[in-house]
Amino acid sequence: MSNDIPLALYFHWPYCLSKCPYCDFNSHVAASVDHERWRKAYRAEIETLHHQFPDRVISSVFFGGGTPSLMEAHTIAQITGDIARLWGLGDDVEVTLEANPTSTEAAKFADFKAAGINRVSIGVQALNDPDLKALGRHHSAAEALEAVAIARRLFERFSFDLIYTRSGHTLKAWEAELRAALPHADGGHMSLYQLTIEAGTQFQTLYDSGRLTIPEDDLAAQFYDLTAAVMEDAGMPAYEISNYAKAGQESRHNLAYWTYADYAGIGPGAHGRLTFYGGPNAQDAQAAAAHTRIATRAHKAPDIWLKTILDVPQGSTAGAPASAPYSAFQNPEILTPLMQFEEMMMMGLRLRRGVDLDAVHARTGIDPKDHLNHAAIAALCADGYITQNGTIIALTAKGMPVLNAVLRAILL
Ligand code: SF4
């Protein structure tokens, strides 16, 4: 019943050279990493996932982190090899690696390509050295542009990230920086993030004590509008809140999240959303008609994740892949229709094209009439934060930076 249903695969590599002061991702600094153990653990999880979802068509693969460009290319090659052996991996399937642009990592791009990577997403973040230093980055602006140049030579598709609303950032400086970046962006995709102060980060401590300031909301909104206008002019309009692309160059993997398709998360802290068509243990016609959507989340701590995947007691796994009882895919949370409805709204509204309420209704069985605040929708339309065109609700450029407030207002 699940033949031909797409499945996106995410692999999380949790290590970085150091912790950037603004970062709240699941990233860690380790004195040493046993790459062989990591290879084994990823491969065991792939086997377990295949055991549960053998008939899927792999639609994209994404290596994120952390800094996955610190992985050994051999690890990537074994993972892509396993995927190809178990499900098949067509040449046209997007296989992305997030990379930091130090010269050491850029020198590995050719090996990553040979290992099956066909798209890189490079964390450039800023185009001047003082700001890169303030962001805790290990590369210089020149190194970053050299890494982008290597990516351009090797990969048909690539993207790079910049961060704006940095401390002391002005609209004029950002416009000049963005325009200087554009000639390097002929991969057709850029991710442009607004710097935000995240709980538990070094920047939060500095911000709370008044030693760090960043542009406040009104000015940040002007940065957002400026970014959108420059990118629109350049033929790479926003297709999501922070992502800009030429038509056809959108990240297929990230679209799987935003369109609420199935994706599996492998590695510490990785999330997944998976649908059992027919239910996990369908025995009869009624059960077979049911769709059960589950949420998975792997243990966040790298060492514990490795241990739970690899240290399987003898005799506990008869008839199943060796890691099965300890896998992230065991004991998932079952998502109720209402939870799915809310997630589809949250993810779909990130996209510029918006979310089709009829599709949400058909998918979840939840009638939007009963679970959306229609007075709030009308007010937000009147104030220019969202538009409603038939059954499609979409954020405007004004609404994009305040998605969370819009969601709070419209979800009952
Ligand atoms: S390199 Fe990326 S994941 Fe690692 S600490 Fe810096 S921002 Fe976070």
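Whatever order the structure lists them in is the order used to number ligands and atoms, beginning at 1.
Protein heavy atom closest to atom 8 (Fe) of ligand 1, with residue, atom name and distance, is Cys23 SG, 2.3 Å. The single protein non-hydrogen atom nearest to atom 1 (S) of ligand 1 is Asn100 ND2, 3.3 Å, given as residue, atom name and distance. Of all protein heavy atoms, the one lying nearest to atom 4 (Fe) of ligand 1 is Cys16 SG, 2.3 Å. Taking atom 2 (Fe) of ligand 1 as the reference point, the nearest protein heavy-atom neighbour is Arg137 NH1, 4.0 Å.
Considering only heavy atoms from C-beta on, Asn100 stays 4.5 Å or farther from His138 through its side chain.
Annotation: cation-pi pair Arg350/Tyr257 absent, no NZ/CZ under 6.0 Å from the ring centroid and within 45° of its normal.
In this pair, His35 and Trp13 present their aromatic rings parallel. The plane angle is below 30°, not in the 30 to 60° band. Ring geometry for Tyr42 against Trp38 counts as tilted: the plane angle lies between 30° and 60°, on a 0 to 90° scale. Relative orientation of the Phe203 and Tyr22 rings is tilted, given thresholds of 30° and 60° on the angle between their planes.
Short contacts between ligand 1 and Tyr22, defined as distances under 4.0 Å to a heavy atom of the residue, involve ligand atoms 7 (S). Taking every heavy atom of Phe25 and a limit of under 4.0 angstrom, the matching atoms of ligand 1 come to 3 (S). Proximity to Thr67 (heavy-atom distance under 4.0 Å) selects the following atoms of ligand 1: 1 (S), 4 (Fe).
Distances from ligand 1 to the non-hydrogen atoms of Ser18 include at least one value under 4.0 Å. Ligand 1 lies nowhere less than 4.0 angstrom from a heavy atom belonging to Gly123.
Other residues, nucleotides and ligands contribute over 12 non-hydrogen atoms within 6.0 Å of the OH atom of Tyr15.
At least one N/O/S atom of Cys20, from backbone or side chain, sits under 2.8 Å from atom 6 (Fe) of ligand 1.
Taken from CG in Leu351 to CG in Leu395, the straight-line distance is 9.5 Å, to the nearest 0.5 Å.
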